[in-house]
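First up is the structure itself, then whatever we jot down about it.
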Number of protein chains: 2
Amino acid sequence: MLLSKACEHAVRATIYIGQQSSTEGRVSLKEIAMEIDAPEAFTAKILQQLVKKEIISSIQGPKGGFTMYKKSIRQIKLIDIIHTIDGNAFETKCVLGLKLCSELSPCPVHDQFKHIKKDYLNMLQKTNIQKMILGLEDGVSCLKI
Amino acid sequence: MLLSKACEHAVRATIYIGQQSSTEGRVSLKEIAMEIDAPEAFTAKILQQLVKKEIISSIQGPKGGFTMYKKSIRQIKLIDIIHTIDGNAFETKCVLGLKLCSELSPCPVHDQFKHIKKDYLNMLQKTNIQKMILGLEDGVSCLKI
DNA sequence: AGTTAATCGGATAATTTTATCCGATATCTA
DNA sequence: TAGATATCGGATAAAATTATCCGATTAACT
């Protein structure tokens with residue numbers, strides 16, 4: 001699988017928070033978990049990591065919740081969420097698990113995966129939250145089902 | 001990560017068995033595990049699955065071991081190993097974990113991942129064992145370090 | 001036929017990932 | 001200032017993945 005389950009939740013949550021921040025205001029953990037159909041407590045842990053990395057921001061107390069700055073909605077990319085939750089193993093680790101794998105000392109599938117990984121990474125680095133929100137606003141895409 | 005650890009072992013093992021089959025004869029579990037630097041008992045379990053799917057073949061008893069038919073070395077593709085060990089989740093499951101995700105009802109990153117996944121799948125379907133052996137023979141690539 | 005050396009296959013253990021629980025902390029409202 | 005309601009953060013539990021163990025089975029060799 002490309003993303004861990006935690007990272008799937010993280011991306012869906014960030015998209016939801018981003019969308020709600022641009023129309024409504026802050027949203028509560030309960031609402032987020034409900035709207036992205038993810039377990040509440042697990043989602044809480046994931047959101048904490050995103051807050052620490054300043055991808056989203058949180059407000060404590062009653063009427064608290066999570067929100068996302070307009071600037072972040074433009075600037076935060078898919079790769080930032082993935083780095084926060086899953087780390088950078090995709091970019092650094094050999095596909096076949098070899099300790100040493102590089103252009104000079106490649107694994108047997110290095111060349112085949114090179115282009116795929118480059119295109120994938122490129123897409124992750126270009127896709128911002130704003131872009132992912134677009135389909136939601138139109139009612140074309142969905143976060144729940 | 002793209003492949004599970006079990007699948008990484010499976011691909012490395014299959015490449016090694018394929019290479020040895022085309023030069024030497026059959027190889028033992030012990031030798032395979034050593035040469036691909038994977039735990040022996042875990043490798044055994046993985047090889048069993050590959051045997052059941054007829055990707056490799058096994059001979060019991062003393063002087064037994066694992067081997068691969070010349071025909072298989074040409075015909076078996078990366079995708080076959082992945083299907084055996086990791087299943088077809090990559091092709092069927094939504095990147096964001098949505099139960100329903102298709103052209104008509106896409107998730108917010110469906111379009112972005114569409115091309116990546118298509119290219120990736122295409123490569124997996126084209127890359128056969130023979131191709132992956134090539135670099136090994138030349139001493140360019142390696143399975144161990 | 002008996003011994004030895006190999007894989008097979010089912011049970012079990014260790015580790016990682018996913019998920020939950022609950023007291024501590026912050027902050028809004030009355 | 002007291003009470004209610006939200007996130008924070010550390011501990012714990014459940015599930016999945018990774019890994020091991022060991023007796024059963026198979027087959028070569030003496």
Side-chain angles (χ1 to χ4, degrees), chain A residues 1-14 17 20-21 24-34 36-68 82 84-87 89 93 96-97, chain B residues 1-14 17 20-21 24-34 36-68 82 84-87 89 93 96-97:
Chain A
M1 210 49 40
L2 295 176
L3 309 178
S4 72
K5 213 160 195 178
C7 197
E8 291 176 8
H9 296 332
V11 174
R12 296 209 310 283
T14 306
I17 295 166
Q20 292 298 303
S21 296
E24 315 293 318
R26 60 189 69 168
V27 280
S28 71
L29 166 64
K30 194 186 285 284
E31 178 182 337
I32 296 165
M34 173 114 69
I36 68 171
D37 190 31
E40 201 175 307
F42 191 33
T43 304
K45 287 288 177 227
I46 294 163
L47 294 184
Q48 272 179 35
Q49 296 182 67
L50 296 173
V51 169
K52 201 171 294 174
K53 274 283 192 74
E54 298 186 320
I55 287 172
I56 58 178
S57 67
S58 69
I59 304 100
Q60 285 195 355
K63 301 275 173 185
F66 298 87
T67 188
M68 199 167 182
I82 294 174
T84 303
I85 309 297
D86 286 346
K93 256 199 67 182
L96 295 188
Chain B
M1 210 50 41
L2 295 177
L3 309 178
S4 72
K5 214 159 193 178
C7 197
E8 291 176 7
H9 295 332
V11 174
R12 296 209 310 282
T14 306
I17 295 167
Q20 292 300 303
S21 298
E24 315 293 318
R26 61 191 67 167
V27 280
S28 71
L29 167 64
K30 194 185 285 284
E31 179 182 337
I32 296 165
M34 174 115 69
I36 68 171
D37 191 32
E40 200 174 308
F42 191 32
T43 305
K45 287 287 176 231
I46 292 164
L47 294 184
Q48 273 180 32
Q49 296 183 67
L50 296 173
V51 168
K52 201 171 293 173
K53 275 282 191 74
E54 299 184 319
I55 287 172
I56 57 178
S57 68
S58 69
I59 305 100
Q60 284 195 357
K63 302 274 172 187
F66 298 87
T67 189
M68 199 167 180
I82 294 173
T84 302
I85 308 297
D86 286 347
K93 257 199 66 183
L96 294 188

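Quick note on labels: first sequence line is chain A, next is B, and so on, each numbered from 1.
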request  = Ignoring hydrogens and angles, answer whether the base of D/dG10 and the side-chain atoms of A/K45 contain a donor-acceptor pair closer than 3.5 Å.
outcome  = yes
Integer-rounded Å distance: C/dA19 C1' and A/D37 CG = 14 Å
request  = Indicate, with a heavy-atom threshold strictly under 4.0 Å, whether A/K30 touches base, sugar-phosphate, or nothing.
outcome  = nothing
remark   = The residue, A/Q60 or A/C7, whose nearest nucleotide of DNA chain C is more 5′ is A/C7
message = With heavy-atom distances below 4.5 Å as the criterion, would you say the side chains of A/R12 and A/H9 are in contact?
response = yes
ask   = Touch check for A/I59, heavy atoms < 4.0 angstrom, all strands: base, sugar-phosphate only, or nothing?
value = sugar-phosphate
inquiry  = Would you say that A/L50 contacts A/I17 through its side chain, given a criterion of any heavy-atom pair below 4.5 Å between the two side chains?
reply    = no
message = Closest approach to the side chain of B/F42, judged atom by atom: which nucleotide of C/dA26, D/dA19, C/dC21 is it?
response = D/dA19
query = Given C/dT18, is OP1 or OP2 found less than 4.0 Å from the side-chain N or O atoms of A/H9?
reply = no
query = Heavy-atom distance under 4.5 Å between the side chains of A/V27 and A/T67, does that happen here?
reply = no
request  = Let me know the distance between CD1 of B/I32 and P of C/dT7, rounded to the nearest Å.
outcome  = 7 Å
ask   = Considering heavy-atom distances to DNA chain C, does A/P62 or A/S4 have its closest nucleotide positioned more toward the 5' end?
value = A/S4
key: A/S58 side-chain proximity, nearest of D/dT7, D/dT18, D/dA28   = D/dT7
